[in-house]
Engineer: 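Would you mind keeping the following structure in view while I ask a few things?
Please read all numbers here as calculations on a predicted model, not as lab measurements. Naming convention: chains lettered A, B, ... in sequence-line order (proteins, then strands); numbering from 1 in each chain.
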Amino acid sequence: MSVFAIVDCNNFYVSCERVFYPELERKPVVVLSNNDGCVVARSNEAKALGIRLGSPVFKIADIIESGGVYVYSSNYALYGDMSHRVMKLLAEFTPDMEVYSIDEAFLDLSCFSHYDLNGYGIRIKDRIRRCVGLPVAIGIAETKTLAKIACRLAKKSEKAGGVLDLTGSPYQEMALSMTDVEDVWGVGRRYTKFLRRNGITNARQLRDTDENMLREKYGVLGSRLVQELKGVACYTVESCPSSKKGITVSRSFRYPLETLGDLEEAVVGYVSIGAEKLRKEGLCAEILVVFLMTNRFSKIDPLYYNLETVRLPVATSDTSELISYARKGLKNIYRSGYRYKKAGVMFNGMVSEDWVQRDLFDTRDRKSAVRLMSTLDSINRTIGKDSVQYATAGLGNTQKWKTVRKRKSRSYTTNWEHLLEVS
DNA sequence: TCTGGGGTCCTAGGACCC
DNA sequence: TCTGGGGTCCTAGGACCC
């Protein structure tokens, strides 16, 4: 029998902040997106105050004030490192796991099916709490979709204490009945509407739906959904993630940018970030996309959105080369007179750096470019991020495109200067 | 005034191949 | 007059996930 567990960190970003500032326990806490724009994580206390995920901060200013809500900018260095620690611990508990997102992992527990799975789950939960300081919830069942449902209930129920094992359990019927159809993994807003219109409101009804009806509406995903709810595993634990199919780097600006020069600095900055990611993955991109847009929420400013796709003569991860194509692309789509709110670059058509198709008439010295990039990367890795950067990305505080994070906590685990002192 | 960022998979249709 | 069968690749759009 196959057994899947999903381990999900509770209110992950908020919990990471709490580890290093325990006074935040039992207090309403939120973490914000880039430029301190929207709420991306909430503590249970903040949820109880009615703060919705994705709310723009300015719209909930009064709740923050009256509720005494602690507000943090996102600290990706901290969250990334904490995530890494959690995953490392989880790997001790199973021969096969899949890191599903920054705060979730699927574990294959099939070989433990004759054990006390609930007890095993509790051991996992306790170990993460003790070694990393983070609270997690764990759901265990015959399929990934059922495990997700178990995990959701484990989080909600006092009695479950954070771990719920539904394998072969008589409670499975009840668990499915208690789960609204929109809370099923793979059912989004669109399908919720369709399902509810057809009288399907909970997971149990969805499981007992005519599979063909769903298949027609929803394609193969529909049949898989029903099968998974019935306990027939359609998805496995993907322990070796296939290499990336694309890399996107884009940010909203704190204030609208208007000149080509300012936008160029932003695009150069994004290309630098993206190209570094490419090299880290050992990939080269064949296709580069540059895009820009004005504020889609504005009722006054005219809207403009455009993108340019560039097919590169030879797949590359060389920042200099990518910058020159990106700047050309940007010039083509830039129109003066607009107030731009966001720009970005995308790399597609990925190939491994060892399998790049060369061009007979290529005149570029690619060997030295590779050496230059690896030197650049190693300097930035050892001395610190952006120690060496392209001047066309702008310098220091003149960089208008850099995101603002006014309420960021310290990088406790990734920067020696920020190490906690105990006295 | 202020509204995030980064992904995946599936499908349908068109162009093209033998 | 009759016009097969089996593919691939690419693109755009939709839906979903965290």
Engineer: I'd like to know if the side chain of A:Ser43 and the backbone of A:Ala46 have a donor-acceptor N/O pair within less than 3.5 Å.
Structural biologist: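 Yes, because the side chain of A:Ser43 sits within donor-acceptor range (under 3.5 Å) of the backbone of A:Ala46.
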
Engineer: The criterion is salt bridge (Lys or Arg N to Asp or Glu O under 4.0 Å); which residues satisfy it with A:Asp126, sequence neighbours excluded?
Structural biologist: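 Per chain and number, A:Asp126 pairs via salt bridge (Lys or Arg N to Asp or Glu O under 4.0 Å) with no residue.
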
Engineer: Over how many whole Å does the gap from A:Arg407 atom CZ to B:dG4 atom C1' extend?
Structural biologist: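 Atom CZ in A:Arg407 sits about 18 Å away from atom C1' in B:dG4.
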
Engineer: Identify, with sequence neighbours excluded, every residue that meets salt bridge (Lys or Arg N to Asp or Glu O under 4.0 Å) alongside A:Arg327.
Structural biologist: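 Only A:Glu264 meet the salt bridge (Lys or Arg N to Asp or Glu O under 4.0 Å) criterion with A:Arg327.
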
Engineer: Rounded off to whole Å, could you give me the CZ-to-P distance for the A:Arg296 and B:dT3 pair?
Structural biologist: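 About 10 Å, once rounded to whole Å.
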
Engineer: Can you tell me how far the CG atom of A:Leu195 sits from the OG1 atom of A:Thr209, to the nearest 0.5 Å?
Structural biologist: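 If we round to the nearest 0.5 Å, A:Leu195:CG and A:Thr209:OG1 are 7.0 Å apart.
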
Engineer: Can you check whether A:Lys342 has a side-chain N or O nearer than 4.0 Å to OP1 or OP2 of B:dT3?
Structural biologist: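 No, A:Lys342 has no side-chain N/O under 4.0 Å of OP1/OP2 on B:dT3.
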
Engineer: For A:Arg224, answer base if it contacts any base atom (sugar-phosphate contacts may also be present), sugar-phosphate if it contacts only those atoms, and nothing otherwise; contact means non-hydrogen atoms under 4.0 Å.
Structural biologist: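 Contact class for A:Arg224: sugar-phosphate only.
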
Engineer: With a 4.0 Å cut-off on heavy atoms, is A:Lys193 in touch with a base, just the backbone sugar-phosphate, or nothing at all?
Structural biologist: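 If one applies the 4.0 Å heavy-atom cut-off, A:Lys193 turns out to touch nothing in the nucleic acid.
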
Engineer: For DNA chain B, just give me the dot-bracket, please: Watson-Crick or G-U, both distances below 3.5 Å, ( ) intra-strand, [ ] crossing earlier pairs, | paired with another strand, . unpaired.
Structural biologist: ....||||||||||||||

Engineer: What does nucleotides 7-18 of chain C look like as a protein-contact string, B for base, S for sugar-phosphate only, - for none, at under 4.0 angstrom between heavy atoms?
Structural biologist: --------SSSS

Engineer: Rounded to the nearest angstrom, tell me the gap between atom CG in A:Asp36 and atom C1' in B:dC2.
Structural biologist: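 Roughly 11 Å, once rounded to whole Å.
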
Engineer: Rounded to the nearest Å, what distance is computed from the CZ atom of residue A:Arg52 to the P atom of nucleotide B:dT3?
Structural biologist: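 Atom-to-atom, A:Arg52 to B:dT3, this comes out as 18 Å.
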
Engineer: I'd like to check the salt bridge (Lys or Arg N to Asp or Glu O under 4.0 Å) partners of A:Asp377; sequence neighbours left out, ordered by chain and number.
Structural biologist: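 Scan of A:Asp377 (salt bridge (Lys or Arg N to Asp or Glu O under 4.0 Å), adjacent residues dropped) gives A:Arg279.
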
Engineer: Round to the nearest Å and state the distance from A:Arg339 atom CZ to B:dT1 atom C1'.
Structural biologist: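 Atom-to-atom, A:Arg339 to B:dT1, this comes out as 10 Å.
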
Engineer: Considering residues at least two apart in sequence or located in another chain, which fulfil the side-chain hydrogen bond (donor to acceptor under 3.5 Å, both in side chains) criterion with A:Asn75?
Structural biologist: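 With neighbours one apart ignored, the set is A:Ser409.
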
Engineer: Using a 4.0 Å heavy-atom cut-off, does A:Ile247 contact any base of the nucleic acid, only the sugar-phosphate backbone, or nothing at all?
Structural biologist: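 The residue A:Ile247 makes sugar-phosphate contact but no base contact.
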
Engineer: Rounded to whole Å, how long is the line connecting atom NZ of A:Lys341 with atom P of B:dT3?
Structural biologist: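 That distance rounds to 4 Å.
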
Engineer: Enumerate the residues from residues 248-257 of chain A whose closest heavy atom to DNA chain B is under 4.0 Å, giving them by residue number; use none for an empty result.
Structural biologist: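 Residues of residues 248-257 of chain A that come under 4.0 Å of DNA chain B are, in numerical order, A:Thr248, A:Val249, A:Ser250, A:Arg251, A:Ser252.
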
Engineer: I'd like to check the ring pair (Phe, Tyr, Trp, His ring centres under 6.0 Å) partners of A:Phe347; sequence neighbours left out, ordered by chain and number.
Structural biologist: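 Result, ring pair (Phe, Tyr, Trp, His ring centres under 6.0 Å) vs A:Phe347: none returned.
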
Engineer: Test of understanding: with salt bridge (Lys or Arg N to Asp or Glu O under 4.0 Å), list the residues that count as partners of A:Lys342, not counting sequence neighbours.
Structural biologist: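 Checked A:Lys342 against salt bridge (Lys or Arg N to Asp or Glu O under 4.0 Å); zero matches.
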
Engineer: Among residues at least two apart in sequence or on other chains, which ones pass side-chain hydrogen bond (donor to acceptor under 3.5 Å, both in side chains) with A:Arg366?
Structural biologist: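 side-chain hydrogen bond (donor to acceptor under 3.5 Å, both in side chains) list for A:Arg366, sorted by chain: A:Glu321, A:Asp362.
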
Engineer: Tell me which pairs pass ring-ring contact (aromatic ring centres under 6.0 Å, His included) where either residue lies in residues 14-38 of chain A, with sequence neighbours left out.
Structural biologist: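 Applying ring-ring contact (aromatic ring centres under 6.0 Å, His included) to every pair that reaches into residues 14-38 of chain A, excluding sequence neighbours, yields A:Phe20-A:Tyr412.
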
Engineer: Can you check the A:Glu276 CD to B:dG6 P distance for me, whole Å?
Structural biologist: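 Distance, rounded to whole Å: 14 Å.
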
Engineer: Rounded off to whole Å, could you give me the CZ-to-C1' distance for the A:Phe58 and B:dG4 pair?
Structural biologist: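 That distance rounds to 14 Å.
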
Engineer: Quick check with a 6.0 Å cut-off and a 45 degree axis cone: is A:Lys331 positioned over the face of A:Tyr334's six-membered ring?
Structural biologist: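 No; the conditions do not both hold, so A:Lys331 does not lie above the ring face of A:Tyr334.
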
Engineer: DNA chain B: A:Val40 or A:Lys245, which has the more 5' nearest nucleotide?
Structural biologist: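 Nearer the 5' end of the strand: A:Val40.
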
Engineer: Of A:Tyr13 and A:Leu221, whose nearest nucleotide on DNA chain B comes first from the 5' end?
Structural biologist: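 Looking at the nearest nucleotide for each, A:Tyr13 comes out on the 5' side.
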
Engineer: Looking at residues at least two apart in the chain, or sitting in another chain, which of them share a ring pair (Phe, Tyr, Trp, His ring centres under 6.0 Å) with A:Phe93?
Structural biologist: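 Ring pair (Phe, Tyr, Trp, His ring centres under 6.0 Å) list for A:Phe93, sorted by chain: A:Tyr120.
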
